[in-house]
Amino acid sequence: MSALLRSHLCAGIRAARPFGTGARTCYQVPQLPACDINPQPYQGRVYDELLALRRRHLPPWMITYYRQPLLLHQGRGQWLWDSTGKRYLDFFAGIVTVSVGHCHPRVTEAVKEQMARLWHSTNVYLHPGIGSYVERLCATLPPPLQVVYLVNSGSEANDLAMILSRVHTGNHNLITLRGAYHGTSYTTMGLTSISAWKFNAAISSGCHPVMCPDVYRGLWGGSKCRDSPVQTLRTCSCPSDQCQAREAYLAEFQEMLKSTVPHQLAGFIAEPIQGVNGVVQYPRGYLREVSEIVRDRGGLYISDEVQTGFGRLGSHFWGFQSHGVMPDIVTMAKGIGNGFPMGAVVTTPEVAGSMSEAWNFNTFGGGPLACAVGTAVLQVIEEEGLMEKAESLGNDLMMQLSDLRHDFTIVGDVRGKGLMVGIEMVVSKESREPLPGLEMNEIWEDCRDMGLLLGKGGIHQQTFRLSPPMCITQEDINFAIRVLRQALERHTKRGRGPA
Ligand SMILES: Cc1ncc(COP(=O)(O)O)c(C=O)c1O
């Protein structure tokens, strides 16, 4: 068969199995679920010109995804279209940000209405939007977490949490987990503990990373440590009410405190599940016990819910609730605005009260537009039952991914909660050595070619991150699984590793 004929056949066929003999194998590209939206034709500047402009005028520290960066043109729900009109299923949601769906009509309408009335006022005046919004937001949080300060990003929220914890306690030192990402502002870079995000500059002092209690890649972990429908393949003999891994990580935590910091602490910050580090989960009960140790030393517990909040974890609206722990400060961003720049810090009246000796001002925080967006997002999450959807669809996604773990040795771990899911890729299950970057990228690019956008994370960039908008459907999940299976089969065919 001629190469030309073979390539025509490959383009037209829609069967599930690979076929072909010799050097080239043809695959049936899984078909995207139907979508009744017709994207507008792209009429912007040509691709190469835009790429050149980006290289000339935007700084080198701005990374792009993919060998040929995507030029996005339109979005709706879980769908994105590029400049050629190709449609993608967005399983990364603009880095865990698009919570209720791209261009959700209800949110878009709220913005339009508010824009026609009043864009900006600053928080030195009253306006109705901020009152209604914080009331609604506080209804999602347990008392005494009832004082809200609105900002514009997650980094700003964590900056303020750092100040609050230090001013309130009168102490300086903050504990953070290795692998954490809490922002890249000058101060939060101290909390962020992934060297790829750190610059060789005098980064904010008094931030101390401790061992991450990662039950898959870390020193300790067993077969029932984590709050996920899929457990690691590690074994353990812990009875159901005990966890040796948790005890070992807690002992390590205490050890670190004894050797590294003075007795009194300003606080401890952690995400309920680490996002940028590749959806890393801790042993059950770890955060609760750490929060007690920190409080015994005068410190506050800060829960960074920038990725885990707003129902994404399915069982609860906030990640800390799934750990049965009560924070003193909660920081949030990303999903709060479905893509609109917003962030918030929520704390108790007591902690907030300790910052009354000076003023803190934020020009855009809590503006009328942000409050209109935030209110619409909360309404949609509730009315469309998105949290419940995140739980049931997330469970199904992880169960289907665990079949892939069974079938492919390079799938080392599948984990997560709700629609915050990670697939950690390894050279082999036995070694747990991270899959080399080249191979990760080949699989990732194959998924993109087939219409599935995924994120990546982990210190070695060894974990695929799946965090779609919460409006996805069962069909979308089935499609994503077919794409991933085919990408893994292609990897096997390339002869890079055993299946
Ligand atoms: C957990 C977490 N905290 C804080 C931030 C910083 O948020 P922003 O990029 O809005 O400043 C991020 C961003 O990815 C994040 O994932």
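When a ligand or atom number is given, it counts from 1 through the structure's own listing order.
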So the atoms of ligand 1 within less than 4.0 Å of a heavy atom of Glu271 turn out to be 1 (C)
Using a 4.0 Å heavy-atom cut-off, which part of Lys334 comes near ligand 1: side chain, backbone, both, or neither?
side chain
Quick note on ligand 1: atoms under 4.0 Å from a heavy atom of Ser153 include exactly 10 (O), 11 (O)
Indicate yes or no for a side-chain donor-acceptor contact from Thr188 to the backbone of Leu191 under 3.5 Å, with no hydrogens or angles considered.
no
Closest protein heavy atom (residue, atom, distance) for atom 9 (O) of ligand 1
Ser155 OG, 4.4 Å
Ring center gap for Tyr286 and His323 short of 6.0 angstrom
no
Looking at Arg106 and Glu384, is there a salt bridge between them, counting it only when a charged N and a carboxylate O are closer than 4.0 Å?
no
Identify the residue among Asp159, Asp304, Thr192 that makes a side chain to side chain donor-acceptor pair (under 3.5 Å) with His182.
Asp304
Show me which atoms of ligand 1 lie under 4.0 Å from any heavy atom of Asn158.
3 (N), 4 (C)
Nearest protein heavy atom with distance in Å, relative to atom 2 (C) of ligand 1:
Tyr181 O, 3.3 Å
For Asn338 and His104, test the side chains for any donor-to-acceptor distance below 3.5 angstrom and give the result as yes or no.
no
So which heavy atom in the protein is nearest atom 8 (P) of ligand 1, and how far is it from that ligand atom?
Gly154 N, 3.5 Å
Between Asp328 and Arg295, does at least one N-O distance fall below 4.0 Å, as a salt bridge requires?
yes
Are any of the N/O atoms in Asp304 less than 3.5 Å from those in ligand 1?
yes
Test: Arg415 and Glu424 ion pair at under 4.0 Å:
yes
When you look for heavy atoms under 4.0 Å from ligand 1, do you find them on the side chain of Ile95, its backbone, both, or neither?
neither
For ligand 1, is there an N or O atom under 3.5 Å from any N or O atom of Gln307?
yes
